[in-house]
Amino acid sequence: MDSTAAAALLPLLIILILFAAPASAATHPADLAVLQDLRKSLTNPDALGWPDNADPCGPPAWPHVSCDHTGRVDNLDLKNAALAGALPTSISSLASLQSLSLQGNRLSGPLPSFRGMSTLRRAFLNDNDFDAIPADFFDGLTDLLEISLGNNPRLNASTGGWALPPGLADSAQQLQTLALDNCSLSGALPPFLGTINTLQNLTLSYNNLSGPIPAALNGSAIQRLWLNNQLGEAKLSGTLDVIATMTNLQELWLHGNDFTGPIPNGIAACKDLYTVRLNSNQLQGLVPPGLATLPQLQELKLDNNNLLGPVPLVKAPNFTFSGNGFCTPKPGGTCAPEVMALLQFLADVHYPEKLVNSWSGNNPCTPWIGVTCVQGNIITALNLPGFDLNGTISQSLVNVTTLLDVMLGGNHLTGRVPDSLTRLASLQKLDLSMNDLSGPLPTFRPSVKVNVSGNLNFNSTAAAPDAQPNDSPPTPATPNGAPGSHGSNVAAIPGNGKKTSSAVLLGTTIPVAVSVVALISVGAVFFCKKRASTPPQTASVVVHPRDSSDPDNLAKIVVATNDGSSGTSQGNAHSGSSSLTGDVHMIEAGRFVIAVQVLRGATKNFAKDNVLGRGGFGVVYKGELHDGTMIAVKRMESVAVSNKALDEFQAEIAVLTKVRHRNLVSILGYAIEGNERLLVYEYMPNGALSRHLFQWKQIGLEPLSWKKRLNIALDVARGMEYLHNLGHHRFIHRDLKSANILLGDDFRAKVSDFGLMKDAPDGNFSVATRLAGTFGYLAPEYAVTGKISTKADVFSFGVVLLELITGTTAIDDSRVGEGEETRHLAYWFCQIRKDEEKLRAAIDPTLDVTDNEIFESISVIAELAGHCTAREPSQRPDMGHAVNVLVPMVEKWKPVKDEAEDYLGIDLHLPLLQMVKSWQDAEASMTDGSILSLEDSKGSIPARPAGFAESFTSADGR
Ligand SMILES: *[C@@H]1O[C@H](CO)[C@@H](O)[C@H](O)[C@H]1NC(C)=O
Ligand SMILES: *[C@@H]1O[C@H](CO)[C@@H](O)[C@H](O)[C@H]1NC(C)=O
Ligand SMILES: *[C@@H]1O[C@H](CO)[C@@H](O)[C@H](O)[C@H]1NC(C)=O
Ligand SMILES: *[C@@H]1O[C@H](CO)[C@@H](O)[C@H](O)[C@H]1NC(C)=O
């Protein structure tokens, strides 16, 4: 028909329609029969309210019935009508039915087949008690938009439930809503759900479904996906990867299943999500940031999974997350860097089941499977050989800075060995054998034992030339130290016994908490020859701030390794002769300033022969002033410094110069010019206690007698007590250890190296701080949380006592045979000290334990040491207590009378004045006068701090 003809017919059509519409035809006999059947099959037909003899299509139409103009029933709306009984099988004969609402009744018996109801668009059969559904129920429902069978819990229950019939896919090509909750559906989710492109709302909660979300749902336009609370033994499982592709999702309820794996990062693409319930599954790993920031999110439930890492900050008003392995108790917190690093490692090996449940919380030493620690909180090894690990080795391991051993042999790891591992400064062993890794191997320090044998794709020729050969047996680590760093003149100086290297190992952005670099002490070569034949290494770890904006940074750059590569960079750092021509910084509190030239002269221009040791943050030189006074000069490693940093350095020095006690090594002055920063200390002729305990044989010294040791212990206790109670300040040393305890002519001890000292705020006992200190002496709570109190020093003091008793170092690998943790003196001793036999065996053989008096005395000190190294800071005594215990012990050993006199008579004022005089003389003799000289020395030397006398007497008097 052409368009003119159509236009002519149009008015006629309209008239016809208008005429026909209101006047319904008499009900089609077939439909009338169905309605009569329905009436008959109900047990309470009166509930229908249908009259006996009238025409269903009316007029007036029966209640709940409406018809089209041809007299066919097109809508039956019988919801919530309290109907009871069955549905007649003839119902599918309603050939024009578009909408059927029977929900909320008490209908029971089998559902009749709906086969062939090609006009049916909406069918609500939910909330009844049907007990069976025929297999062809969905066949030929070609117009179906929406169907609900939910809450018919007995549907086919007697025959083990029912599966979604494939016929659904063929017929329901326009289906938008499929609501089949709680109706005994079982089996797997059929992939054909993914072929119904129109599907928007799929709700299948409370059934017996199992298996994965089919990959066929990839890209599905579903908006509401409720698969929650499957009731069977086996629930829905597998990963949520496909979810991230369903970007129209608004409601995602998957709770109460067995879903595993991480929440996919891609979920961020589902921007319309407003309710997400993932609780009560077995989801693993970190919560992707994109989930927390979904713009519409109102509700997020993550409870009861195996989620790890930080709890994200979620804007949604309803956010629950309990029952996971999160490392923080509250949203928005941060985890320890080593926790984040290990979790990244875990992610890169695809969250293996075996590890995921164990690697929770914020302390990998709690313990996590495969993570080895000492001291309850310092991670020394990652031990996962033969763990079936797939995936790659994470770069992030570099952030577990304390790692000594990484043992990942016999897995299926692929990819390259990350370069970052070469920056693990403590690393000793790296076993990656029998994996599928590929080369080239990055260049490790020669002392690192690397094993990459059995990686078939590993191109060993591509390995860096100085790397360990792949298949040669691991060579022992280079013995400690380089020659020259502990010659016969090693003495006197803070931090000696360490060997430093440049700060190349440092990042600059790593925040607070644990950043630890191990160094192998040059010290302990000899001490345990008598106990073990293996050459002992003392690994000590210097913990130091990484943040270059850290005001403390200047004084605390400490990195040391055992790779012997450090000397040059250090040399370079100081080789600038420009320092004399450079700017001379005037120092406000200038009375301790010394001209660099004076110190050059005193140290013979920093001659090699004058090196006393390499410690804390630089090289220490012996010096001799004009008048013969001996000094020790620490030449600090050059760091690029701003004026601000310099000011802070000076402020720190100003504080340090106030700390004066006969048992603390005095800082006598300092010099800053250009790149030079020099600290001047009093000279301690007998050097570090560690030498006398661990190296005496090698250096040709006498072993220390028990009496001397007791005196040293008391001296240290007094020095520390003073620090902890210094007038208005409360100082925490943070790095007390035998290498920092220096001995004078008379073997009386002074504590040195205040570079790490922290001024604790009044009233606030613990302050979160950058971790500093030395592995082996670190108090557990400090190592873990960075929270420092004077009790951390007490712990270190306890370790020193143990060294005095046993003559062994704080960390001793020769003890490792008895378990990883026994490396650690405090830990090991704690286990044996109650057993007298073992205690006797542990005592330094140079002490005569057959002498009962000595043994008793040692037992008392062992008791004190145990007390001081208690795990809980609150259980440790304060230093005053230690002094109180030690004073009578020392008395008992009959100290020489005038030794005690000497103690009280010492006057720090005097030598200082002498010193100043000497410098003044030296400078007066210089002609150019360009060097800053001491300004106004009259009255500018700080008097002994006010608290000095009091603390002094109280120390002895208690
Ligand atoms: C489908 O789900 C969306 C939200 O998920 C909802 O707004 C909509 O009303 C649902 N449609 C039907 C027919 O239930
Ligand atoms: C939060 O959860 C409570 C309890 O489940 C519920 O009553 C409330 O409506 C929810 N609020 C939002 C914004 O989802
Ligand atoms: C790693 O892959 C292997 C082989 O593909 C498999 O047998 C093993 O279960 C996987 N391991 C883990 C932890 O997923
Ligand atoms: C190490 O940690 C820092 C800060 O926590 C982080 O920025 C960095 O990406 C981490 N490094 C690696 C390789 O994961």
Side-chain angles (χ1 to χ4, degrees), residues 99 101 103 121-124 126 144-150 172 174-181 196 198-205 220-228 243 246-254 270-277 286 289 294 296-299 309-310 327-328 333-349 362 364 379 382 392-403 406 415-425 427 442 505-517 545-550 770-771 786:
S99 178
S101 301
Q103 72 267 38
R121 295 164 71 85
R122 301 180 200 281
F124 302 99
N126 50 296
L144 196 61
L145 295 177
E146 179 171 8
I147 184 163
S148 175
L149 298 175
Q174 305 185 55
L175 191 63
Q176 294 173 357
T177 298
L178 181 61
L180 302 177
D181 318 82
I196 308 174
T198 49
L199 195 59
Q200 291 174 5
N201 294 3
L202 177 62
T203 61
L204 303 174
S205 317
S220 157
I222 290 177
Q223 297 170 5
R224 171 187 288 168
L225 182 61
W226 294 357
L227 302 177
N228 52 287
I243 295 295
M246 300 165 67
T247 52
N248 286 3
L249 278 174
Q250 298 176 24
E251 301 179 12
L252 179 62
W253 289 3
L254 303 179
C270 308
K271 294 228 180 304
D272 299 328
L273 275 172
Y274 65 88
T275 168
V276 177
R277 298 186 185 172
L286 301 163
L294 284 169
Q296 306 294 331
L297 203 59
Q298 290 295 309
E299 180 184 54
C327 67
T328 57
T334 52
C335 308
E338 68 274 18
V339 167
M340 291 311 287
L342 286 172
L343 293 182
Q344 190 55 54
F345 170 84
L346 201 62
D348 288 2
V349 295
N362 202 24
I379 302 166
L382 186 58
T392 57
I393 303 172
S394 175
Q395 289 272 3
S396 68
L397 283 185
V398 70
N399 279 347
V400 190
T401 49
T402 47
L403 278 174
V406 174
R416 287 204 43 200
V417 181
D419 288 342
S420 67
L421 297 192
T422 62
R423 286 183 277 127
L424 274 173
L427 193 63
L505 306 168
L506 303 187
T508 53
T509 55
I510 294 156
V512 194
V514 186
S515 52
V516 182
V517 175
R546 301 282 184 91
D547 182 356
S548 58
S549 69
D550 169 18
R770 284 166 199 82
L771 202 48

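For reference, positions follow the sequence shown, starting with 1. Whatever order the structure lists them in is the order used to number ligands and atoms, beginning at 1.
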What heavy-atom pair brings Asn362 and Ala336 nearest, and what distance separates the two atoms?
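It is OD1-N, 3.0 Å.
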Looking at Thr334, is its backbone amide N or carbonyl O close enough to the side chain of Thr328 to form a donor-acceptor pair, meaning the two atoms are under 3.5 Å apart?
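A pair under 3.5 Å: no.
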So, Ser220 side chain and Met246 main chain: donor-acceptor pair closer than 3.5 Å or not?
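The answer is no, because no donor-acceptor pair under 3.5 Å joins these two groups.
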Suppose I only count heavy atoms of Ser396 and a 4.0 Å limit; which atoms of ligand 4 are within that range?
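Per the distance check, 12 (C), 13 (C), 14 (O).
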In terms of atom number and element, which parts of ligand 4 are under 4.0 angstrom from non-hydrogen atoms of Gln395?
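So the answer, numbered in order with elements, is 13 (C).
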Looking at side-chain heavy atoms only, is the closest gap between [X] and [Y] below 4.5 Å?
X	Y	value
Arg277	Trp226	no
Val406	Leu421	no
Gln296	Leu273	no

Of Pro364, Pro337, Cys335, the residue whose pairing with Leu342 passes side chain to side chain contact (heavy atoms under 4.5 Å, CB included)
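So the option named by the test is Pro364.
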For ligand 1, which of its N or O atoms have a protein N or O partner closer than 3.5 Å, and how long is each gap?
residue	atom	partner	partner atom	Å
ligand 1	2 (O)	Asn201	OD1	2.8
ligand 1	2 (O)	Asn201	ND2	2.6
ligand 1	5 (O)	Glu251	OE2	3.4
ligand 1	11 (N)	Asn201	ND2	2.6
ligand 1	14 (O)	Asn201	ND2	3.1

